[in-house]
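Just so you know, ligand 1 is whichever comes first in the structure, and atom 1 is the first atom listed for that ligand. The shown structure was predicted, so the numbers you read here are calculated from the model rather than taken from an experiment.
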Amino acid sequence: MTIPVIIDCDPGIDDVMALTLAFAHPELDIKLITTEPGNQTQAKTIYNALAFTSYMKQDIEIARGLDNPLFRQLEIADDVHGDNGLGNVNFPEPTIQLSNRTAIEAMKETLLSSNEQIILIATGPLTNVGALLLAHPEVKSKIKYISYMGGAAVGGNMTPTSEFNVYVDPHAADIVFRSGIPIIMSGLDVTHKSFITLEELNEIEAIGSDFAHKVLKMLHFYVHAAKQTAFHGPEFKSRIRLHDLCAVSYVLTPELFEGDDCHVAVELDGKFTAGTTVVDYEQRTGLPHNVKVLHTVDREKFVKQFLDAVKTMSRHIG
Ligand code: RIB
Ligand code: CA
């Protein structure tokens, strides 16, 4: 039985690791890939999606999303993902042609024409998804759930309380979190536990393929660029958090994760807290649960799943 999905992303180093896992699992029927700005500008994220998916010898429609967040000025993460968005690792020119449909058109038509509900995997700011739901609310019934990397119950990586994807486009996130569509949130609470160690990267080194070499270069760039504070302890600096991988891994193997159903709201206006996902873990608001907030992962199985995907795709590419 195949699982129909749409992947909306901002590639992005950990986005392409998530795509690697998705491509390695034929049980995922990837109907469409769409991109938005976040880690880099839209021009670079769409190019990266086309180039990476071509390099991975996939045949999937890729459509370009919006160029900017719904209301906020775009802030990119080139300090973490590099000038080209992939740790300055270069892939061959794309062979896949850009879709002649916009991301919103392609998402809408794919969802409405499907005879089954589709899972939406989102690993960047929710700009496209928010715009889709505003323009075409009729698609809601065709989305089984949204597996989303973003937000945090505790902490943040853009401000003390906000995670990058929600921070970049909080208005879009607010639309999605209030949509009534079930959301599985892989926020920093679980992605800070979903890491691969520098030592575990040696297994990728041993694969010896061109793809494995590119993966290593991207992940080494990523871990050295990320701003780790001593707050988390010295070992934190040697942990490469594969944030976006969680959003795909949950769809494939939900049993690797644990979470709690909560009400989650998005703060839009706080002087210090704009972009914060306010997670009502202790049910203080009495508001309905709209999100399953993940907080635990079987890290060893998660890492093995990723390493196996790199091996599988290395063989597939040849
Ligand atoms: O906070 C982590 C998220 O921001 C990931 O999706 C990463 O790719 C960046 O977009
Ligand atoms: Ca991302």
Side-chain angles (χ1 to χ4, degrees), residues 6-22 33-42 44-49 52-53 65-66 68-69 72 74-82 84-87 89 103 120-129 146-170 172-173 176 183-196 215 218-219 221-223 225-229 232 236 239-250 266 275-277 293-294 297 306:
I6 291 172
I7 300 177
D8 184 60
C9 53
D10 61 332
I13 293 172
D14 57 333
D15 298 77
V16 297
M17 304 305 156
L19 289 174
T20 300
L21 182 59
I33 294 173
T34 55
T35 65
E36 69 271 308
N39 288 324
Q40 259 297 349
T41 60
Q42 174 63 264
K44 292 182 179 180
T45 59
I46 189 65
Y47 177 84
N48 289 339
F52 185 78
T53 307
L66 302 184
N68 288 292
R72 283 177 57 98
L74 175 63
E75 290 185 52
I76 62 174
D78 52 344
D79 55 333
V80 177
H81 294 264
N84 80 338
L86 296 180
V89 172
L120 183 51
I121 297 173
T123 64
L126 287 166
T127 305
N128 291 333
V129 182
I146 299 171
S147 184
Y148 177 48
M149 191 281 133
V154 177
N157 59 5
M158 274 307 280
T159 71
T161 62
S162 65
E163 176 277 329
F164 179 79
N165 287 338
V166 177
Y167 174 85
V168 166
D169 198 337
V176 175
I183 297 169
I184 309 294
M185 181 175 121
S186 295
L188 298 180
D189 319 283
V190 73
T191 68
H192 275 181
K193 301 169 187 172
S194 312
F195 61 85
I196 188 169
V215 168
M218 286 188 281
L219 291 180
F221 184 96
Y222 193 46
V223 70
K227 297 184 275 293
Q228 278 89 18
T229 65
H232 295 285
F236 202 71
R239 293 176 175 180
I240 306 167
R241 286 168 303 291
L242 299 169
H243 301 281
D244 292 340
L245 209 67
C246 292
V248 173
S249 180
Y250 180 87
V266 179
T276 297
T277 46
V293 179
L294 302 184
V297 62
F306 172 61

Aromatic plane relationship, His243 with Tyr222 - under 30° parallel, 30 to 60° tilted, over 60° perpendicular: perpendicular
Asp244 side chain to Asp15 backbone, donor-acceptor under 3.5 Å: yes
Leu245 vs Asp14 side-chain heavy atoms within contact, under 4.5 Å: no
Heavy-atom pair with the smallest gap, counting every atom of Gly12 and Asn48: N-ND2, 4.4 Å
N, O or S atoms of the protein lying under 3.0 Å from the Ca ion (ligand 2): Asp10 OD1, Asp15 OD1, Asp15 OD2, Thr123 O, Asp244 OD2
Atom pair OG1/CG of Thr45 and Asp10 - distance to nearest 0.5 Å: 6.5 Å
Interatomic distance, Ile121 atom CD1 to Ile6 atom CD1 [nearest 0.5 angstrom]: 10.0 Å
Main-chain N/O of Tyr167 paired to Arg72 side chain as donor or acceptor, under 3.5 Å: yes
Pairwise distance CD1(Ile7) to CD1(Ile33) - rounded to 0.5 angstrom: 5.5 Å
Pocket residues of ligand 1, ordered first by chain and then by residue number (heavy-atom cut-off under 4.0 Å): Asp10, Asp14, Asp15, Asn39, His81, Thr123, Met149, Asn157, Glu163, Phe164, Asn165, His243, Asp244
Interatomic spacing from CG in Leu188 to OG in Ser162 - rounded to 0.5 Å: 9.5 Å
